[in-house]
Structures are given as structure tokens and as C-alpha cells.
There are 2 protein chains.
Amino acid sequence: MLSQKCKYALQALMVLAKENSDNLLLVSEIAERENLPKKFLEAILLELNRNGIVRSRRGRGGGYALAKPADLITFGQVVRIMDGALAPLACVSVNYYRRCDECKDEQACEIRRVMRRVRDAIANELDGTSLAKAVAEGKAVAATLAAASSAAE
Amino acid sequence: MLSQKCKYALQALMVLAKENSDNLLLVSEIAERENLPKKFLEAILLELNRNGIVRSRRGRGGGYALAKPADLITFGQVVRIMDGALAPLACVSVNYYRRCDECKDEQACEIRRVMRRVRDAIANELDGTSLAKAVAEGKAVAATLAAASSAAE
DNA sequence: CTATTCCCTACGGAATTTCTAGGAAAAACA
DNA sequence: TGTTTTTCCTAGAAATTCCGTAGGGAATAG
Ligand code: FES
Ligand code: FES
């Protein structure tokens, strides 16, 4: 399960992704729109900033925007920054690998083989989905929903 | 990430799955073989027992065995018992659904749509893999490894 | 030089996780 | 019957992680 922190990060990033990228948004604006605890969100955006996902400017007229085009930011990147490994077990993580203390022979471990496939499935989805793609999907679904409801009148 | 508890459960179940199913194994035997904390494992097997995954007998000659054939016990079942939802967010869980407080419109939520696919990918792997399948895979890999190493001589 | 806004550290409380202790209940055996 | 073995059950200790908040410093604009 993703942490709240990670979910909030994704919510904030989706807001920024829908915005014009040279239009800065205030932390308080994002927090209000998405109904998130402001101080916590501040810390989250700071961390995203340090990791090159968003950029910021301080002072009057300051705020946050994406640091790069929305199609270059994937859900996988964000989750890794916020929560660490995508993998269900550290021993199958690519980016955050750690050996299993209990298992004597990693190569023979059947559980590991199963979890490796799970990891790949997760990584496949999350690394294959950018913010831009999620926005586009959302628009497409909204459009078909609107069409269906107007056809029903 | 799976909890230790869940990992230990899977390790114990793999041991039982490799054993003849009417041969009872002691908790202490399993704990020693897999290098697991005994008392903790005891609690885990108890929970698996309550959920119909293993069966037990007390007293001398007692112990644990699988409650049903190894091809009817899936990794998905075990993980759900031990850790709850497979899904990365409660709002996309099938068996442990909970609404997201922050998101106003669930149907419009883009994050939800992405995470729904992730959930399906995870569930697909975990529900599609039984203990029996994992054992069989392990044997197959061991056999090809042995063949390769003997061919290299 | 004042107001705004992000930056940074530290910390508090709650929840969760990872076990362990200690004994009751069942079953086998002598 | 009584002794031993083994699971069953409750309670809780210790450590860690999670979810935020407080309070002030640093940059920026006007
Ligand atoms: S090596 Fe990680 S589960 Fe066995
Ligand atoms: S509804 Fe669950 S993330 Fe939006």
C-alpha cells in the first residue's frame, strides 16, 4: 500500500500537470483544491523539488510548477522517491535491493521468483504511465461519459 | 512491501507444500529449517489455521500440514490474510475497499484509474500462482541449472 | 524595508510491526 | 491417572514508521 505522503504527492503533481507549466501555483492553492494538509504538502513538494520533479520560486508571485514536461514524469519515479522500492520484497527490488536474511540461497528461493514477477508487473504499469498519460486518459473518459449522458437525454 | 509476517507465512507454507500432506511438521521444525523466530511463527500458523489454510493437531505427534492441496492455495489468499489488501490504494481494492477521503469524485480520479491497473496486475500474478506452481517452478529451474553445470564439465 | 512565499530542522503523537512471555487446553503415552 | 508434548490464546514490550505541525530562516517582489 502506498503511503498518504505518496498519494498526496501524486495528487499535487496531477494538479500541476493540468496547469500551464510556466504558471506557478501556491502550496496553499494546491492544498485547498485537493483538500490536503498544507504543512505536510509543503514538505512533500520540497522533497519533489530536491529530486528534480518540480521547480519553485520564492516570494511574491512564487509557487510550484513541474520541472519538466508531464510526459517525462512517471508514476514510478514519484513512488520511488516517496515510498522507496516498488517491489513487494526488498530482495527483488532493482533500485533498492537488499538481501533476505532468512533465505539461504537466493537463486533457489521460490518465493523470490514469484515476487520478481509481481515486481515486474508493478514496475511495468507505474513506469509506463506518465502524468501526461494519466491526464489524457482522464479527459478521454470524461468525454465518453459526457457523450453517453447526452445521448441518454 | 509485504510485512515480515507475510513473508514468514509464505516460507512456512512452502515448506509444508513440499512435504507429504499427511505428515505433520512441528512449529519448531519449520522455524529451524527456515531460520524463523519460533514464537512469531507460532502466531502466524495459528492465523493460517483459523483461515483454513493449514490444519493442526496438538500434543505428542502433533504439528501442522496444509489444510488442502497445494494447488488450491494461492499466494494471493495468503497475502490477503496476512497483510490485507493487495491494492496500492484502498480505493481500488476489491476485497478491502475503502473510499478516499480527499478525492471528491472517485470516477473522475485519474490516480485511481492508474492504480486500478496496478492492482489488477498484482492480483493477476498472486492469484494466478499456487504453492504447487511455485514448487514446480523451483524444481524446473533447479533441474535446468543442474543440467547446465554438468554440461559445462 | 515590508510582505510574501518557499526552505529547513526538529519534534510529537499515533499507529503499526515485530516479536516474546506465560500459561491454558488438548492429545498421546506410560 | 498423571506426565509430556504440542498447539492455542491473550496480553503486551520494544522498536519503527507514519502523519503531520511548529517555528523560524532565506529568498524574492514591489
Ligand atoms: S530470497 Fe528473498 S524471499 Fe527468499
Ligand atoms: S479516489 Fe482514491 S486516489 Fe482518487
Side-chain angles (χ1 to χ4, degrees), chain A residues 1-9 11-12 16 23-32 34-67 79 81-85 88-90 96 98 100-102, chain B residues 1-12 16 23-32 34-65 67 79 81-85 88-90 96 98 100-102:
Chain A
M1 290 268 275
L2 299 182
S3 66
Q4 284 293 98
K5 195 167 117 183
C6 185
K7 199 205 142 192
Y8 293 167
Q11 287 185 259
L16 293 176
N23 182 23
L24 299 177
L25 289 186
L26 299 183
V27 172
S28 46
E29 224 172 310
I30 302 172
E32 209 168 327
E34 293 291 302
N35 214 14
L36 307 178
K38 185 190 153 189
K39 264 298 198 180
F40 196 18
L41 180 59
E42 205 181 314
I44 290 168
L45 284 166
L46 194 54
E47 199 172 340
L48 289 172
N49 192 5
R50 286 207 191 94
N51 284 276
I53 304 292
V54 299
R55 65 196 170 81
S56 69
R57 198 155 61 221
R58 306 201 244 196
R60 183 172 299 181
Y64 282 99
L66 296 185
V79 172
I81 290 168
M82 289 297 153
D83 282 4
L89 289 177
Y96 296 83
R98 260 203 71 211
C100 277
D101 302 337
E102 298 86 13
Chain B
M1 290 269 274
L2 297 182
S3 65
Q4 284 291 96
K5 195 169 119 185
C6 185
K7 199 206 142 190
Y8 292 167
L10 290 171
Q11 286 186 260
L16 293 176
N23 183 22
L24 298 177
L25 289 187
L26 299 181
V27 172
S28 46
E29 225 172 312
I30 302 172
E32 208 167 328
E34 292 291 301
N35 215 14
L36 308 178
K38 186 191 154 188
K39 267 296 200 180
F40 196 19
L41 181 59
E42 206 181 311
I44 290 167
L45 285 166
L46 194 55
E47 200 171 340
L48 290 172
N49 192 5
R50 288 206 189 93
N51 284 276
I53 303 294
V54 300
R55 66 195 170 80
S56 69
R57 198 154 63 218
R58 307 201 244 197
R60 183 171 300 181
Y64 282 98
V79 173
I81 290 168
M82 288 297 152
D83 282 4
L89 289 176
Y96 297 82
R98 260 203 72 212
C100 276
D101 300 337
E102 298 86 13

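Values reported hereafter were calculated over all heavy atoms of this structure, with side chains retained and with hydrogens, waters and symmetry mates removed. So that the names make sense, note that chain A is the first sequence line, chain B the second, and so on, each numbered from 1.
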Minimum-distance pair of heavy atoms, taken over all atoms of A12(A) and L41(A):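 Taking every non-hydrogen atom into account, CB-CD1, 3.8 Å.
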
Nearest non-hydrogen partners of L46(A) and Y64(A), listed with the distance: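 Taking every non-hydrogen atom into account, N-OH, 3.8 Å.
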
Nearest whole Å is fine: how far is [N] [atom2] from [X] [atom1]?
{"X": "Y64(A)", "N": "dA27(D)", "atom1": "OH", "atom2": "P", "answer": "15 Å"}
{"X": "L26(A)", "N": "dA3(C)", "atom1": "CG", "atom2": "P", "answer": "18 Å"}
{"X": "K5(A)", "N": "dT21(D)", "atom1": "NZ", "atom2": "C1'", "answer": "15 Å"}
{"X": "D101(A)", "N": "dT18(C)", "atom1": "CG", "atom2": "C1'", "answer": "14 Å"}
{"X": "M1(B)", "N": "dT16(C)", "atom1": "CE", "atom2": "C1'", "answer": "15 Å"}
{"X": "L2(B)", "N": "dT16(C)", "atom1": "CG", "atom2": "P", "answer": "18 Å"}
{"X": "L36(A)", "N": "dC19(D)", "atom1": "CG", "atom2": "P", "answer": "13 Å"}

Backbone of E47(A) reached by a side-chain donor or acceptor of N51(A) within 3.5 Å: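 Such a contact is found between N51(A) side chain and E47(A) backbone.
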
Any Y8(B) side-chain nitrogen or oxygen under 4.0 Å from OP1 or OP2 of dC19(C):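 Yes, because at least one side-chain N or O of Y8(B) sits under 4.0 Å from OP1 or OP2 of dC19(C).
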
Residues touching DNA chain C, which here means a heavy atom under 4.0 Å, drawn from residues 38-52 of chain B: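 Within this stretch, K39(B), F40(B) sit under 4.0 Å of the strand.
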
List the residues meeting side chain to side chain contact (heavy atoms under 4.5 Å, CB included) with [X], not counting sequence neighbours, and say none if there are none.
{"X": "R58(A)", "answer": "none"}
{"X": "L2(B)", "answer": "P88(A), L89(A), M115(A), C6(B), L10(B), V79(B), D83(B)"}
{"X": "N35(B)", "answer": "none"}

Partners meeting ring pair (Phe, Tyr, Trp, His ring centres under 6.0 Å) with F40(B) (sequence neighbours left out):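 Residues passing ring pair (Phe, Tyr, Trp, His ring centres under 6.0 Å) with F40(B): Y8(B).
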
Residue pair L36(B) / I44(B), side-chain heavy-atom distance below 4.5 Å: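 They are not in side-chain contact.
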
B/S/- contact track for nucleotides 25-30 of chain C, protein heavy atom under 4.0 Å: BBBSS-

Nearest to side-chain heavy atoms of S56(B), which nucleotide of dT7(D), dT5(C), dT20(C):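 Nearest nucleotide to the side chain: dT7(D).
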
Selected nucleotide, minimal atom distance to S3(B) side chain, candidates dT7(D), dT18(C), dT20(C):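 The closest nucleotide is dT18(C).
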
Charged N-O contact under 4.0 Å between K39(B) and E42(B):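 Looking at K39(B) and E42(B), the cut-off is met.
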
